[in-house]
Each structure stands twice: as C-alpha cells, then as structure tokens.
2 protein chains.
Amino acid sequence: MPLSYTEENYIKAIFKLSEKDDQPVNTNAIAKSIATTAASVTDMIKKLSEKGFVYYERYKGVTLSPEGKSVATQLIRNHRLWEVFLVNKLQFGWDQVHDLAEELEHIKSTDLINRLDTFLGNPKFDPHGDPIPNREGKFTLRNQTTLGTLLTDQTGILVGVREHTTPFLAYLNGLNINLGTELKIIERIQFDRSVKVQINGKEMSMFTEQVSQNLFVKLK
Amino acid sequence: MPLSYTEENYIKAIFKLSEKDDQPVNTNAIAKSIATTAASVTDMIKKLSEKGFVYYERYKGVTLSPEGKSVATQLIRNHRLWEVFLVNKLQFGWDQVHDLAEELEHIKSTDLINRLDTFLGNPKFDPHGDPIPNREGKFTLRNQTTLGTLLTDQTGILVGVREHTTPFLAYLNGLNINLGTELKIIERIQFDRSVKVQINGKEMSMFTEQVSQNLFVKLK
DNA sequence: ACGTAATTTTAGACTTATCTAAAAATAATT
DNA sequence: AATTATTTTTAGATAAGTCTAAAATTACGT
Ligand SMILES: [Mn+2]
Ligand SMILES: [Mn+2]
Ligand SMILES: [Mn+2]
Ligand SMILES: [Mn+2]
C-alpha cells in the first residue's frame, strides 16, 4: 500500500507545521499550507489516521505517528538532495529549484536517493542551508542565529535562509548574496530596527527587520 | 490544462504501438500494453480525442495527432535522458533503470530536461542504444541490422537491444555483453537458426534465434 | 455563564480513472 | 448468407481527492 503523492504532501505539511512547537496541528493551518479547504483536510486526516500515519481526535488537531515522521523525514531528504543536484550539477539558481524538487521528492526508491547522495558527495545542507537528514533520518543542526541579533561591527557568514520564496531569493541574488557571503553590521537603526550592512567587504545595503530576521548566520 | 501522468502514458503507448506500421492502433493492443481493460482504454481515448491529442472513430482504432506525437516524443526524450543519467552518473545497471525513468519522464520542465541534456554531454543514444530525440523532436536513426542477419566470420558491434526486459538485459550482463561489445559469428546452425558467437574475441556462447533477433549491431 | 465568533466536521456533489458485465459492431467460418 | 467468434463500446459501480454549504463543536468577550 504505497502512499499517493497527495497523502505524502499532507504528511510533509503536518511535519513542517509541528516542527517548532511539537503541538497538535490545526485543520485550518494545514488547509492554508497546502492551499486547500478545511473540509478536504478533515477527509484526508481521517484516512491518514486509519492508515496509522497520524494520531487524530476530532476538533483536537492532529499529530504525526512515528511512521508518519519517518515518511516526512524521507521526503525532506529526497527534496533537499534533489535541490542540491539541480543547483550544483544543473546550474539552476537557488530561487528556481523548489517546485521541481516538490515533484522529484515523490519518486520512491531509497536506492536512487542513496546513489544520488553518494554522487553529490553526501552533502549535509541544501542550497538554502537547510540540513539534509541522513539515511537514518537524523538531521544535522544548523545555526539558528539571525542577522537581526548581531551587534554593530560584528560579521556574520550566511548559512541559511528562513524564507524560501522566489521573490526573497531573487532579491538576495540581486545583491550578490549567497550562502557563505559575509555580512558586516555597520549601523543599527533603533527606530525601525533596520540595519546597514556591508556585503563581502564591498557594497553597502539597508535591510529591513523582515529581511534580517530571515537570514541565518554564524559569527565570523 | 496540463496532462495527467495517466494521459501521458496512454499517449506514449499509442506512439510506440504505431511506430512500425503507422496504422491506427487497436483498443485491445493499448489495453495489453499498459495492463488495463479495453473499457478503460475506450474511455481514455474519448477524452484524448476531445482534447485533440488523437484522431478517433469508434470501432476503427486511434491515431496520434501532431500534438499527440509531440507529447510522445517529448516523453521519450525525457525517459531516455533520465536513463542515461541513472546509468552514467549514478552507476545503475541498464537492467535497473526503466521503471525509475517511467516516473521521472513525467516531470514537466523543458528547462530541466535541456539542462540535463547539457550536463550529460548531449548523448544521442540511451543505455539500451535507443535514439534520444533532440529539442525539436528529431530522432537520430539507429542501425536496424540484427545479429541474426550476419554471415559466418562477420563481426558486429552491439549498438542496441530490441527487448528491454530485465531478464533479457540481466542475461546479457551475465555474458559481459554491453553496448560496444564485439560479437563474431563463428557458426550458424541451420536447423534452429541458432548461432555460435565469440564475445569480445574471448568467450564463446550459443544464442538462440530469439536472442540474436533482439541484438542490433553495426558491422565492424 | 451566555451569546457570539471562529474553527472544525459532516453532507452531498463533482471529477478522474478504474473495473465488471452486458450490448453492439465488426470479422471470420462454414 | 447465416452463424459464430472476436473486438469494441456502453452501462453502471467503485475509489481517491476535491469542493461548497450547512451543522456541530469549541473558544472568546463581556
Ligand atoms: Mn511534493
Ligand atoms: Mn531547500
Ligand atoms: Mn510513465
Ligand atoms: Mn531505454
């Protein structure tokens, strides 16, 4: 009884929504996250519950079972390895690969994925700096410091982005900002918490708080 | 109005069944080729006809329209390029890649496929020696001579296989026969049209007619 | 604690793709 | 030419996934 693409997408959505707090996930949250209606979500949750991938009590939200977590982790591994392939081997930009990986992740073959992993040199992070779980489903932890928390004169090296939307990534492209780029805080504006930043020791740029909160860095 | 995987598989099946004679394809033939029932085929053909991918008259069989042919060609291009990737880059055997390519071929992105083509060095043939259509859908013609037609003492270089089944390819693996392998006819047995063959100037082997008819060669 | 607002679930309908069994059309035999 | 056999189509059901609209439940404000 293999899972359909649709079932897999629901399981992944539930996983991502419960990543932070580990609390039961609301019907409406799932509906918004995969652009469908609450009614459809309820239907699907019932099915996933019967199949043992989620724990569900009506009106009380839904939680992934260990089997569900395992499915989600495998999908995330697939997704991120394909993204590495698309960027490192096929020269796609990091703002162009999400939707393709969203399809490729559903090709079910652990052999394929493990060979791809080897071919890519067992990368630990995807093109957006997100950790790639290993064969056993273990994630390497990534630095969660954001540029917004750095003090004046400190330099951060970009190790990830929280936002994965094309507009945001394309905006960073326009500033020549990639993973590994050095970002030095020149000045902090108290009024709106925006920051003046020097990029790779050269150009200056202003970041709103919304931008600096979405950039994960490690201190240089 | 994108095509579903199912619709695409029907179109590809019709293309393959009309490749040789270019005659209308029978309902039963399609049903057998994709392991479904004649009733399902009739339903699908009606839909494909309404969408303009096939010409159809009831009880008279079905033919692909130019749009249908274009879809089929694109799918075959995708399929064969993915097979090259799986064999050349991920080290799969030529007997292991068909089913994976059967899924990968449906990822719809000409950008992806063209980049893959470039990455692989614009191969003209897939791991089974089948021609890969170019961006415009043009096929390179492959030598159609079979080993069965060679005379005694002639040597053929394997350029393709007609059968793509795993058992047949695994059988060739066991004899160390791949594309490029030299096959010299040592003796022809009139009685059952089997042949004694020397492989790469070394081992001898007997091939039944069924085998030698499925090996495409070019004269050395 | 009571009424209102928000959330969630149910009811009923629709689409795509599939199937079995029966009817209709075409092909083959005598 | 009539009968039989084969192929193809239709009729009617089923399953997965989706939707809108209405009912049920929970949460919130006073
Ligand atoms: Mn997906
Ligand atoms: Mn990513
Ligand atoms: Mn396919
Ligand atoms: Mn092939």
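So that the names make sense, note that chain A is the first sequence line, chain B the second, and so on, each numbered from 1. Any value given below was found using the heavy atoms of this structure, including those in side chains, with hydrogens, waters and symmetry copies removed.
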Counting only heavy atoms from other residues, nucleotides and ligands, does the tally under 6.0 Å from CD of Gln210(A) exceed 12?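 No.
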Return whichever of Tyr56(B) or Ala35(A) has its heavy-atom-nearest nucleotide of DNA chain D closer to the 5' end. Tyr56(B)
Upstream residue (5' side of DNA chain D) when Arg58(A) and Glu57(B) are each assigned their closest nucleotide: Glu57(B)
Choosing from dA24(D), dT18(C), dA21(D), which nucleotide comes nearest the side chain of Ala39(A)? dA21(D)
Between [N] atom [atom2] and [X] atom [atom1], what is the distance in whole Å?
{"X": "Lys46(A)", "N": "dA16(D)", "atom1": "NZ", "atom2": "P", "value": "14 Å"}
{"X": "Asn26(A)", "N": "dT25(D)", "atom1": "CG", "atom2": "C1'", "value": "14 Å"}
{"X": "Ile30(A)", "N": "dT7(C)", "atom1": "CD1", "atom2": "P", "value": "14 Å"}
{"X": "Tyr59(B)", "N": "dT26(C)", "atom1": "OH", "atom2": "C1'", "value": "8 Å"}
{"X": "Asn28(B)", "N": "dA5(D)", "atom1": "CG", "atom2": "C1'", "value": "13 Å"}
{"X": "Lys51(A)", "N": "dA16(D)", "atom1": "NZ", "atom2": "P", "value": "7 Å"}
{"X": "Met44(A)", "N": "dC19(D)", "atom1": "CE", "atom2": "C1'", "value": "14 Å"}
{"X": "Asp43(B)", "N": "dT10(D)", "atom1": "CG", "atom2": "P", "value": "9 Å"}

Where each residue is assigned the nucleotide of DNA chain C containing its nearest heavy atom, which of Ile45(A) and Glu7(B) is assigned the position nearer the 5′ end?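 Nearest-nucleotide comparison on DNA chain C picks Ile45(A).
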OP1, OP2 of dT10(C) versus side-chain N and O of Thr42(A): anything below 4.0 Å? no
Taking only N and O in the side chain of Ser40(A), is any of them less than 4.0 Å away from OP1 or OP2 of dT18(D)?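 No, no such contact exists.
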Across the strands shown, which category fits Thr37(A) at heavy-atom distances under 4.0 angstrom: base, sugar-phosphate, nothing?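 Base, at least one base heavy atom under 4.0 Å.
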Just call it for Tyr10(A): base, sugar-phosphate, or nothing, with non-hydrogen atoms closer than 4.0 Å on any strand. sugar-phosphate
Should Arg80(B) and Glu105(B) count as an ion pair when the cut-off is N to O under 4.0 Å?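 Judged by the 4.0 Å cut-off on N to carboxylate O distance, Arg80(B) and Glu105(B) do not form a salt bridge.
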Lys/Arg-Asp/Glu bridge criterion (N-O < 4.0 Å) met for Glu209(B), Arg188(B): no
Parallel, tilted or perpendicular: which fits the ring planes of His79(B) and His98(B), with parallel below 30° and perpendicular above 60°?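 Aromatic pair His79(B)/His98(B) classed tilted.
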Given Asn114(A), Asp126(A), Asn134(A), the one that forms side-chain hydrogen bond (donor to acceptor under 3.5 Å, both in side chains) with Arg77(A): Asn114(A)
